[in-house]
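Below, chains carry the letters A, B, ... as their sequence lines are ordered, and counting in each starts from 1.
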Amino acid sequence: MLQIQTIRKDAEEVIRCLSVKNVDARAIIEEVLRIDEERRGIQKELDDQLAEANQIAKSVGILFKEGKTDEAAVLKDRSAELKKSTKALEEKLAALEEAQQQALIVLPNLPHSSVKPGHSAEDNEIIHQEGTIIPLSEGMLPHWEITSNFRLIDFELGSKITGAGFPVYLGKGAKLQRALISFFLDEAIKAGYNEVQPPLMVNEASAYGTGQLPDKDGQMYTATLDKLFMIPTAEVPVTNLYRDVILREEELPVMNVAYSACFRREAGSYGKDVRGLNRLHQFDKVEIVQIQHPDKSYATLEEMREHVAGLLRKLELPFRILRLCGGDMSFTSALTYDFEVWSAAQEKWLEVSSVSNFETFQAHRMKLRFKGKDGKAQTAHTLNGSALALPRIVAALLENHYSNKAVHIPQALVPYTGFETIE
RNA sequence: GGAGAGAUGGCAGAGUGGUCGAAUGCGGCGGUCUCGAAAACCGUUGUCCCGCUUGCGGGACCGGGGGUUCGAAUCCCCCUUUCUCCGCCA
């Protein structure tokens with residue numbers, strides 16, 4: 001969440017930054033400033049009255065002890081008056097605070113200064129590409145044919161028991177899932193991350209904390225009776241572990257990794273690009289999450305980017321890295337790198353990871369701070385990245401490593417699968 | 001699901017209506033002593049908001065919300081949560 005102090009300091013700059021994300025925030029910003037001014041006036045008035053009331057309460061106590069009940073009675077009357085007016089002011093203040101909160105919470109994070117404006121995925125900047133792109137040739141198969149031929153995944157069965165987008169993994173297909181999850185977790189642990197296994201459902205406060213609410217309401221599955229949300233990513237529970245926490249500076253960076261199933265309604269995305277594993281309602285993902293000192297968070301972002309690149313190299317997949325333009329960046333992000341792998345038979349790039357620095361945006365929402373040597377609490381930076389999301393990796397793996405009517409498992413993964421080929 | 005007992009500062013733990021933002025201990029930070037360290041001793045030690053601004057003043061916060069009272073950590077109601085016992089159960 002943006003801080004009122006930031007807006008107060010330079011509202012025009014905030015408006016300019018948000019325009020990079022194609023958001024016209026002027027009306028909201030002006031409203032926020034108007035509310036803020038009124039709020040501060042009310043607060044001053046209220047505080048003064050409360051100060052008087054506190055003073056009276058103390059005096060009454062002393063007067064009673066001294067037996068001066070008449071004098072005390074006079075003060076009591078004044079106190080009763082104050083009670084009425086403070087109550088009115090308190091209600092007014094609460095309403096203004098709520099209004100300010102409601103206005104602030106719909107404003108997205110400010111993009112990093114390096115983020116270029118742009119309107120769609122077309123405007124993203126390709127900053128890196130590696131691996132060999134095999135030209136489409138005879139014998140190549142799209143992954144949904146491979147999974148069907150070898151009985152790795154049954155999409156229809158998933159439709160029957162749950163619905164479209166909930167595949168059932170079978171035999172070597174299931175084992176491949178488990179192998180990838182273990183591989184990704186182990187690689188992260190080697191890189192210094194601590195493994196966490198979080199709940200798959202979170203409460204409302206957590207959904208607000210990482211910014212899924214109110215922005216992505218409607219994209220999450222909800223258990224309405226219990227007011228719980230199925231997590232769209234492990235980012236939500238793992239980052240919220242540190243909600244309302246003040247860390248010691250020497251505890252930074254906090255590095256956590258979690259495997260979780262992820263649930264997304266993907267409302268409005270039916271039709272294109274949903275074939276096979278391209279877009280699912282439930283999928284598996286290993287997520288890396290860091291909490292870092294503001295001075296070091298961009299260096300950390302680069303490290304995380306390199307970690308993800310390393311995974312794709314070990315899986316021998318051609319990939320590219322994009323720096324997202326303002327228009328394609330998420331609500332909460334200040335800077336995002338997307339990773340895409342080449343799908344040989346579909347002849348297109350598939351997004352498999354998104355690595356972002358949220359700076360203080362999430363941390364402010366969840367009051368995540370750290371305390372340095374000077375004893376002052378300071379808001380931390382949060383970052384996260386997929387390392388990695390399984391379905392499209394599986395798709396690319398099957399398509400890119402398919403030859404002579406067999407899928408050849410990359411060497412790095414064989415210790416995990418226990419088999420070298422699927423045929 | 002039923003019954004009972006709790007929830008207080010980084011931690012432990014006092015406080016059952018009045019100068020309590022809260023005793024005490026531990027921990028942390030600074031200092032004295034020491035070649036240095038330990039011990040001992042002295043001091044200090046929460047978060048947020050508002051106002052004049054290197055500092056000071058005011059306000060809020062004792063799980064969350066509401067109420068009683070001139071005055072609530074303390075009394076009442078609701079919620080959340082933890083523990084113990086019973087029931088059910090992977």
Between B/rG59 and B/rG71, how far is it from one P atom to the other, in whole Å? 15 Å

What integer distance in Å separates A/Gln378:CD from B/rU47:P? 13 Å

Heavy atoms under 4.0 Å, any strand shown: does A/Arg78 hit a base, just sugar-phosphate, or nothing? nothing

Taking N or O atoms only and anything under 3.5 Å, show me the protein contacts with nucleotides 81-83 of chain B, one pair per line.
none

Please work out if A/Gln5 contacts a base, only the sugar-phosphate, or nothing of the nucleic acid, heavy-atom cut-off 4.0 Å. sugar-phosphate

Between B/rU53 and B/rG57, how many Å separate the two P atoms, rounded to a whole number? 16 Å

Base versus backbone protein contacts along nucleotides 57-68 of chain B [heavy-atom cut-off under 4.0 Å; B, S, -]: -BSS------S-

Nucleotide forming a Watson-Crick or wobble pair with B/rU24, both distances under 3.5 Å: B/rA12

Counting distance only, does the side-chain N/O of A/Thr239 pair as donor-acceptor with the main-chain N or O of A/Glu235 below 3.5 Å? yes

Any base atoms under 4.0 Å from A/Ile62, or only sugar-phosphate, or nothing? Heavy atoms, all strands. base

If the threshold is 4.0 Å, N to carboxylate O, is there a salt bridge linking A/Lys116 and A/Glu125? yes

Nearest-angstrom distance from the residue atom NZ of A/Lys367 to C1' of B/rC49: 12 Å

Please pick, from B/rC50, B/rU47, B/rG18, the nucleotide with the shortest atom-to-atom distance to any side-chain atom of A/Ile246. B/rU47

Using the P atom in both, what is the distance from B/rA37 to B/rU32, to the nearest Å? 11 Å

For A/Leu75 and B/rU69, what is the distance between atoms CG and P respectively, to the nearest whole Å? 18 Å

Is a side-chain donor or acceptor of A/Thr6 paired with a backbone partner of A/Leu2 at a separation under 3.5 angstrom? no

Would the distance check show the side chain of A/Glu399 and the main-chain N or O of A/Ala345 forming a donor-acceptor pair, the cut-off being under 3.5 Å? yes

Whole angstroms only, please: what is the CG-C1' distance between A/Leu93 and B/rC49? 9 Å

Using the side-chain contact (heavy atoms from CB on, under 4.5 Å) definition, which of the options A/Ser260, A/Ser206, A/Pro199 pairs with A/Ile231? A/Ser260

For B/rU24 versus B/rU8, give the span between their C1' atoms, rounded off to a whole number of Å. 14 Å

Output yes when at least one side-chain N/O atom of A/Arg248 is less than 4.0 Å from OP1 or OP2 of B/rG27, else no. no

Could you tell me whether the side chain of A/Ser79 and the main chain of A/Leu75 form a donor-acceptor pair under 3.5 Å? no

I'd like to know if A/Lys44 and A/Asp48 make a salt bridge, using a cut-off of under 4.0 Å between side-chain N and carboxylate O. yes

Does the plane of the ring in A/Tyr193 sit parallel, tilted or perpendicular to the ring in A/His307? Use 30° and 60° as the thresholds. tilted

Comparing nearest nucleotides in RNA chain B, the 5'-proximal residue of the pair A/Arg8, A/Val60 is A/Arg8

Report yes if a side-chain nitrogen or oxygen of A/Arg39 is closer than 4.0 Å to either non-bridging phosphate oxygen (OP1 or OP2) of B/rC49; otherwise report no. no

Has the side chain of A/Arg392 got a donor or acceptor atom that lies under 3.5 Å from a matching backbone atom of A/Asn278? yes

Counting any heavy atom closer than 4.0 Å, what does A/Lys371 reach on the DNA or RNA strands: base, sugar-phosphate only, or nothing? sugar-phosphate

Are A/Arg40 and B/rG51 close enough that a side-chain N or O sits under 4.0 Å from OP1 or OP2? yes

Under a 3.5 Å limit on both distances, the Watson-Crick or wobble mate of B/rC48 is B/rG59

Using atom P in both nucleotides, what's the gap between B/rG64 and B/rA60 to the nearest angstrom? 15 Å

When both distances are under 3.5 Å in a Watson-Crick or G-U wobble arrangement, the nucleotide paired with B/rC83 is B/rG4

Between A/Lys87 and A/Glu90, does any side-chain N to carboxylate O distance fall below 4.0 Å? no

Using the P atoms only, state how far B/rC85 lies from B/rC79, rounded to an integer number of Å. 25 Å

In this structure, how many angstroms lie between the C1' atom of B/rG46 and the NZ atom of A/Lys376, rounded? 13 Å

Between CD1 of A/Ile4 and C1' of B/rC48 the distance, given in whole Å, is 16 Å

Euclidean distance, atom CG of residue A/Asp244 to atom P of B/rG9 [Å, nearest integer]: 14 Å

Nearest-angstrom distance, C1' atom, B/rG27 to B/rG63: 24 Å

Whether A/Phe263 and A/Tyr221 hold their rings parallel, tilted or perpendicular, with breakpoints at 30° and 60°: perpendicular

Who pairs with B/rA40 - Watson-Crick or G-U, where each distance is under 3.5 Å: B/rU32

Around atom CD of A/Glu31, are there more than 12 heavy atoms of other residues, nucleotides or ligands at under 6.0 Å? yes

Figure out the NZ/C1' separation between A/Lys58 and B/rG21, and round it to whole Å. 11 Å

On a whole-Å scale, what distance lies between the C1' atoms belonging to B/rG15 and B/rA7? 15 Å

